[in-house]
Amino acid sequence: MSKVCITLKDGSVREVDSGTTFAALAESISRGLAKNALVAKLDGKTVDLAHKVEDSGKVEFLTFENQEGKDALRHSASHILAQAVKRLYGDVKFGIGPAIANGYYYDIDTPHTFVPEDLAKIQAEMEKIVKEDWPIERLEVSRAEALKLFGDQGEIYKQELIRDLPEDVTISLYKQGEFVDLCAGPHVPSTGRVKAIKLQSVAGAYWRGDQKNKMLQRIYGTAFEKKADMDAYLTMLEEAAKRDHRKLGRELDLFSIQDEGPGFPFFHPKGMVIRNELESFWRKLHVKYGYQEIKTPIILHQKLWQQSGHWDHYRENMYFTTIDDEGYAVKPMNCPGGILIYKSTHHSYRELPLRTCEMGLVHRHELSGALHGLMRVRAFTQDDAHIFMLPSQIKQEIKGVIDLFNAIYSTFGMSYRVELSTKPEKAVGSDEIWEVATNALREALEEYGMPYKVNEGDGAFYGPKIDFHLQDSIGRTWQCGTIQLDMQMPELFDLTYIGEDGQKHRPVMIHRTCYGSIERFIGILIENFAGAFPAWLAPVQAKLLPITDRQIEYARSLAGRMKEQGIRVEVDDRNEKIGYKIREGQLEKVPYLLVIGEKEVEAGAVAVRQRSKGDLGAMPVDKFISELAAETKATKA
RNA sequence: GCUGGUGUAGCUCAGUAGGUAGAGCGUAUCCUUGGUAAGGAUAAGGUCACCGGUUCAAUCCCGGUCAUCAGCUCCA
């Protein structure tokens, strides 16, 4: 038997017989590894442990600690889910069943409608399959064999998948007990390795994600190697749910959404404080970065929207009205309005880049099922800006915008993911112009050294864009900032500037938002801070808590003094014990609670209790005021 | 918009095998004047989402609508 040389992760080299399985190899290295390994990686490709070593190469064993290990285990769990469903319901056709970020799902077509109670039943059957500990075997078959196998079972979706596979791929099946599925793998060695399973929800999902196709039923679940890890994960999810901005928004009385206005949020006084602070911080930065603020109307004539292309490409998202028998539209974007201002005067190349910004209220008809608290609404304020510039200024301006984004996001300590979106199906302009614009964005990102992902076909109808995605409390991402390069609108509106040569030239436009929408950004902030806003954003920065009614008058006069200093302060003068007032102040997440008893009145002091640090002891009132001022200075207008 | 779930007091939730409802928190009033996360008493508060049907009788059963939740699709 021939020998091959295997290089292990630590760099050591082993000589083994050709045909040795990875499982046996792991066994020969250590018992712990044999026990923990789920799949192996051979020269960068993940494979089953039953895979045989044929040639020399680099081998790494993957456990649940590795992402690939997690994915393999969860992918195997999805097969167990399908097997259980088939056992229990029989008349089922399967779509796809991949591993996803924190679990897996399987899409199922069946006349039976799954209700939440079914999940417990299916989960019990899955646990049975785990106990039965079926080996998971890989089989390689010809295209014809695969088509016949799934055809005999009426698996029309699997047949469709097989037909769409490229000619040259090996078609593989995975078998566990009586269940066989079309699958590229890899999988863990046996069903018994999936020690902890939880089915989480059932939802509809279009076959292949296309609205025109049949809607299948999708069962979501998660799986872990150890039950303790799964319990910890589920507990973490419960904790995250407590940070949901819809829940905190109600509890902290920041905003509400009423039946009378689905998708049209109401901002309460405390929510307005946050909003106004965000806006004034924004204005301060925009002055610094050379922007001029404008405001354009919410309703504009229909012909403007026909000229801009919105009529043809965005109409289904717009609201319309009639004024004096003329058609008007409620703006879904701010750009046409901003363009009209640009066009109201002539421009010299010397004025460019011309940066105009606008807190613009836009309305969009979003699908009812897509609405989500403040994250997706039908009326929102974009912190928009339009930069008109020379083609030669593109890269420089984009980098300037990214600088501004960094200044804003770093203030909140938020991390983001960047995506570059390219030409969509519904678009205006030639491929060449799109190519130029897309490359400009790509080069700016690369020169800035910013990691990004490409999102094919996801651009705006008038240009490609760079999107900044932020995470909510349970890890869903939401697009916030965006930078869109537009060579179409200047053309459609015949925008010009007078160049050095005295001739008219076409400027290029950037559309961009940093927060994205104030509403969505506040939603993200609420979840990121779990409602405990930094002092500069906190609706109430300090609450004065007199211990008895003999200190109320002193507390009120202090509150007056602090308000004069621009501090947002409340006095809790209710007839309650101090412990009770403190508890409420903590639950309201007020940054500073100032306890005032007889001692403080005598000394002209306040006893400071900081939200996270607790009782800091008494300090002179002036000292507290100046320390709070120092804390909020950086973001003050 | 689609698939499934949910809708009872301001909030969180019980409940009625069909006979028009209850708790805790919150609110109001009174007692209590208390030093770092809940002092006590009393009271007010609901067309049981809305519209229609079945029934002697519907919050409960049936149909529709609206809203909301999860996901799909779409997007800031």
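In what follows, every chain begins at residue 1, and chains take the letters A, B, ... in the order their sequences are listed. Source: prediction; values computed, not measured.
Just one residue in the list A:V273, A:I522, A:I274 forms a side-chain contact (heavy atoms from CB on, under 4.5 Å) with A:F267, and that residue is A:I522.
Judged purely by atom type and a 3.5 angstrom limit, A:E358 uses its side chain to pair as donor or acceptor with the backbone of A:T296. Within the 3.5 Å criterion, the main-chain N or O of A:A535 finds a donor-acceptor partner in the side chain of A:Q541.
The residue A:S368 sits close to a base: some heavy atom pair falls under 4.0 Å. Backbone-only contact: A:R218 has heavy atoms under 4.0 Å from sugar-phosphate atoms and none from a base. Looking at heavy-atom distances under 4.0 Å, A:D458 makes contact with sugar-phosphate atoms alone, never a base. In this structure, A:G597 reaches the bases: a heavy-atom distance under 4.0 Å links it to at least one base atom across the strands shown. Nucleic acid contact class of A:L216 (heavy atoms, under 4.0 Å, all strands): none. Base contact: A:E598 has a heavy atom under 4.0 Å from a base atom. Nucleic acid contact class of A:Y220 (heavy atoms, under 4.0 Å, all strands): sugar-phosphate only. Heavy atoms of A:Q217 sit nowhere under 4.0 angstrom from any nucleic acid atom. When heavy atoms are screened at a 4.0 angstrom cut-off, A:I578 is found touching the sugar-phosphate backbone but no base atom. Counting any heavy atom pair closer than 4.0 Å across all strands shown, A:R208 reaches no nucleic acid atom. Residue contacts shown for A:K599 include a base, since a base heavy atom lies under 4.0 Å away. Within the nucleic acid shown, A:V377 comes within 4.0 Å of at least one base atom, counting heavy atoms only. A:G369 comes within 4.0 angstrom of a base, heavy atoms only. Residue A:K465 is classed as a sugar-phosphate contact, given heavy-atom separations below 4.0 Å to backbone atoms only.
Across all strands shown, B:rU20 forms no Watson-Crick or G-U wobble pair with both distances under 3.5 Å. For B:rU29, the paired base is B:rA41 (Watson-Crick or G-U wobble, both distances below 3.5 Å).
Ring geometry for A:Y89 against A:F114 counts as perpendicular: the plane angle is over 60°, on a 0 to 90° scale with 30° as the lower cut. Between A:F461 and A:Y314, the two ring planes are tilted [angle within 30° to 60°].
The phosphate of B:rA76 (OP1 or OP2) has no side-chain N or O of A:R378 nearer than 4.0 angstrom. Between A:R476 and B:rA70 there is a side-chain N or O to OP1 or OP2 distance below 4.0 Å. Phosphate contact (OP1/OP2 of B:rA76, side-chain N/O of A:Q479, threshold under 4.0 Å): present. Distances shown here put every side-chain N or O of A:H372 at or beyond 4.0 Å from the OP1 or OP2 atom of B:rU68.
Between A:L374 and A:D244, the residue whose closest nucleotide on RNA chain B is further toward the 5' end is A:D244. Take the nearest nucleotide of RNA chain B for A:G263 and for A:T513: the residue whose nucleotide is more 5' is A:G263.
Atom pair A:I582:CD1 and B:rG34:C1' shows a separation of 12 Å (rounding to whole Å applied). We find that CZ of A:F380 is positioned 12 Å from C1' of B:rC74, with the value rounded to whole Å. The CG-P distance, from A:L371 to B:rC74, rounds to 16 Å in whole Å. Going from atom NE2 of A:H469 over to atom P of B:rA76 covers 9 Å, rounded to whole Å.
Look at the C1' atom in both B:rA23 and B:rG45: the space between them is 14 Å, to the nearest Å. For the P atoms, the distance from B:rA44 to B:rG39 is 24 Å, rounded to whole Å. Here the separation of B:rU68 from B:rC56, taken at their P atoms, is 38 Å to the nearest Å. Nucleotides B:rG10 and B:rA70 place their P atoms 24 Å apart, quoted to the nearest Å. B:rU59 and B:rU8 have their P atoms separated by 15 Å, with the value rounded to a whole Å. Taking atom C1' on both nucleotides, B:rC50 is separated from B:rA17 by 27 Å, rounded to a whole Å. Nucleotides B:rC13 and B:rG52 place their C1' atoms 30 Å apart, quoted to the nearest Å. Between B:rG7 and B:rA49, the two P atoms lie 8 Å apart (nearest whole Å).
Rounded to the nearest 0.5 Å, atoms OH (A:Y106) and CG (A:L81) are 8.5 Å apart.
Side-chain proximity of A:P262 to B:rG34, B:rA67, B:rG71: nearest is B:rA67. When distances run from any side-chain atom of A:R246 to the nucleotides B:rU36, B:rC69, B:rG39, the shortest one goes to B:rC69. Of all nucleotides listed (B:rG34, B:rA37, B:rU68), B:rA37 comes nearest to the side chain of A:R583. Comparing B:rA37, B:rU73, B:rC11 by their closest approach to the side chain of A:Q586 singles out B:rA37. Side-chain proximity of A:A203 to the nucleotides B:rG71, B:rA76, B:rA37 is greatest for B:rG71.
Between the side chain of A:Y206 and the base of B:rG1, at least one donor-acceptor pair of N or O atoms lies under 3.5 Å. Taking 3.5 Å as the limit, the base of B:rG35 and the side chain of A:E600 contain a donor-acceptor pair of atoms between them. For B:rC75, its base never sits under 3.5 Å from the side chain of A:R364 at any donor and acceptor pair. Within 3.5 Å, a donor on the side chain of A:R376 pairs with an acceptor on the base of B:rC75, or the reverse.
In this structure, the aromatic ring of A:Y580 is not positioned over the six-membered ring of the base of B:rG39 within 5.5 Å between centres and 30° between planes.
The distance between the ring centers of A:F624 and A:Y592 falls below 6.0 angstrom.
Within the cation-pi definition used here (under 6.0 Å to the ring centroid, within 45° of the axis), A:R74 does not qualify as a partner of A:Y104.
Under a cut-off of 6.0 angstrom, the local environment of NZ in A:K198 is sparse, with at most 12 non-hydrogen atoms contributed by other residues, nucleotides or ligands.
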